[in-house]
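Index from 1, following the sequence. We count ligands from 1, going down the list as the structure has it; atoms in each ligand are counted the same way.
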Amino acid sequence: MTRRKLIAGNWKMNGDAAALAELDGIAAAAKAAPRVDVAIAVPATLIAPAHARVPGLSIGAEDIHAADKGAHTGCVSAAMVKEAGASFTIVGHSERRADQHETDADVRGKAEAARRNGIAAILCVGETLEQRDAGHAEAVVTAQIAGSLPEGAAADWLSIAYEPVWAIGTGRTPTVGDVAAMHGAIRAKLRALIGGEADKMRLLYGGSVTPDNATELLGASDVDGALVGGASLTAAKFVPIIEAAAKL
Ligand code: PEP
């Protein structure tokens, strides 16, 4: 089955009004690569100006609350980010699972809020180094899939990002064989949970993806794109990753 590649950026708590200029080159590269989907998740404060600056580029949120509204000081809902111009959100990033103690059930609720409000979601899973070293990586990741997969999971609005925690922002990556093996395990788990829809769903790899390793990682079996942190902050680094995907 052919799945369109998705190259998604995640600016995390980086960027300001001046940084939005980077989106011009990224939007141009996205336009020049019609076979690739390109998306950038930015801090909540930048969603509206990013969308206004490059309306043709898919702009997203880095997180949302599971509830549609209410007494949740400091949080934003799916409807709020959608109104600001977001077409998708990341949920369950390992930094939120660790820093904000988000559980699989929390992540599931956030993904369901995205669906309820008509935006797409990228659901992140990944093991720690200790878990990998103990030989538990696949069990941990497939359990995260089982626990956080939302009701109504379908490929037209949901993608999964496999992001080994130890590879995020460290410059370290798993071998291509390890990535392919994990993506195969995720696909198999998804098949068990949602049947044939699993074969349409995009599985992204995330963790220190750069212009230098993008071709190799994106070429691995069952890898349908990348979630990119550091290298998405500048067009100079992100555009070659889009171009690498376009060539595959
Ligand atoms: C991420 O934040 O999802 C990520 C993969 O970061 P980096 O590319 O910097 O490792």
Check your understanding: Quick one: does T103's side chain have a donor or acceptor within less than 3.5 Å of a partner on D106's backbone?
Key -> yes
Check your understanding: Can you find a side-chain donor-acceptor pair between T173 and S208 that sits under 3.5 Å?
Key -> no
**Study point:** Donor-acceptor contact below 3.5 Å, side chain E22 vs main chain A235
**Key:** yes
Practice item. Using atom types as modelled and distance alone, determine if a side-chain donor or acceptor of K189 lies under 3.5 Å from a backbone N or O of I145. Key: no
Practice item. Kindly say whether A245 contributes a backbone atom to a donor-acceptor pair with the side chain of R35 at under 3.5 angstrom? Key: no
Exercise for review: Tell me, please, which residues at least two apart from A180 pass side-chain contact (heavy atoms from CB on, under 4.5 Å).
Suggested key: A220, S221
Exercise for review: For ligand 1, would you mind listing the residues that have at least one heavy atom less than 4.0 Å away, ordered by chain and number?
Suggested key: N10, K12, H93, E163, A167, I168, G169, G206, G207, S208, L227, V228, G229, G230
